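Remember, it's a predicted structure, so these values are computed and weren't measured experimentally. What's counted below: heavy atoms across the whole structure, side chains too, no hydrogens, waters or symmetry copies.
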Amino acid sequence: MHGDAMAREWTTLLPKETHSVTVEQEDDGTWVASATFGISLENNLALEVGEFFYQLRSSLDGAIWQAVAIAEGTEPTADIDRLEFPICIAKRQFEQSAIHKSKLPQELKDWLASIQPYCAVKPLDDPDRGLGATLELIHDMARKDRHRRLRVVAAVPTALEMGFSSVPPATITSVEGIRCNFLEGESKFLRFTAATEDGSPIDKIQLATGLKIEIAIDEIPLWEQRLDREFVRFVGAVVYVLQRFEAVFA
């Protein structure tokens, strides 16, 4: 639900025909293009992303709570403030987890121990391969949300169509994309060099461009180059964990 809400907000945040492009000379022969937007870019993207990860993390904790309740035949009472789904970067941290003081089935405890982020990378054909790293990222994002430190960026460009015209006519000799964040006023997105055939100075350059702007989060590596696919992967990992729990109690 929160992933869909974020997607809806993102698709309406930057409608077409709302930006203009300006080109300024940076130094002799080098020019920089910037985008200016005629609308407010205030948004709730970070809040939606944070809520998304909070819900995934709490689903994992809820699975532990329910599993212990089933195994013990009553609601958990021991170490209830520490009873959570363990996602540990060190073996000692896992060994101190509150799950070891519960009657959680040993099968589950052993499996949880095998998918911790500190464990060695599993073989290519192992269904748990990469699970520990994905769960660690979910945990980190939920923690950052708790401190309101999530940062959503709109970075250019994943795709860029451009056409140049200049007075006098010039040849574009190099083009380089610039990392930027339109959501926070970082508007320079392209640096390029140009030269005339006879070496005379360029009075004016115009750039016609179509921008494809992708949303991103600095802490999330885009394995498949698109954030929406990463969100599907995060949900899939949590569903997989819940199914493993259900199978133990089947």
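Across all their heavy atoms, C180 and F189 have their closest contact at SG-CB, 3.9 Å.
Considering only residues two or more places apart in sequence or on other chains, A7 meets the side-chain contact (heavy atoms from CB on, under 4.5 Å) condition with none of them. Qualifying side-chain contact (heavy atoms from CB on, under 4.5 Å) partners for Q66, counting only residues two or more places apart in sequence or in other chains: I70.
The environment of NZ in K188 is sparse: at most 12 heavy-atom neighbours from other residues, nucleotides or ligands sit within 6.0 Å. Within 6.0 Å of the CZ atom in F37, the count of heavy atoms belonging to other residues, nucleotides or ligands exceeds 12.
Less than 6.0 angstrom separates the ring centroid of F94 from the ring centroid of H100.
Proximity of a side-chain donor or acceptor of T134 to a complementary backbone N or O of F234 within less than 3.5 Å is not detected. For the pair R244 (side chain) and L108 (backbone), a donor-acceptor distance under 3.5 Å is absent.
For the residue pair T193 and T30, no side-chain donor N or O sits within less than 3.5 Å of a side-chain acceptor on the partner. No side-chain N or O of N43 forms a donor-acceptor pair with one of W10 less than 3.5 Å apart.
D140 and R143 are joined by a salt bridge, as a carboxylate oxygen and a charged side-chain nitrogen come within less than 4.0 angstrom of each other. R57 and D61 are joined by a salt bridge, as a carboxylate oxygen and a charged side-chain nitrogen come within less than 4.0 angstrom of each other.
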Problem - Chi angles and distances behind the side chain to side chain contact (heavy atoms under 4.5 Å, CB included) call for V152, M6 - result: CA-CA 11 Å; V152 177; M6 188 190 73; 5.7 Å; no
Exercise for the section: Tell me, with the steps shown, if I205 and F192 meet side chain to side chain contact (heavy atoms under 4.5 Å, CB included). Expected result: CA-CA 11 Å; I205 289 183; F192 59 94; 3.9 Å; yes
Exercise for the section: I would like to know whether E230 and R233 meet salt bridge (charged side-chain N to carboxylate O under 4.0 Å, His left out); could you show each step before the answer? Expected result: CA-CA 5 Å; E230 295 304 294; R233 180 169 67 88; 2.7 Å; yes
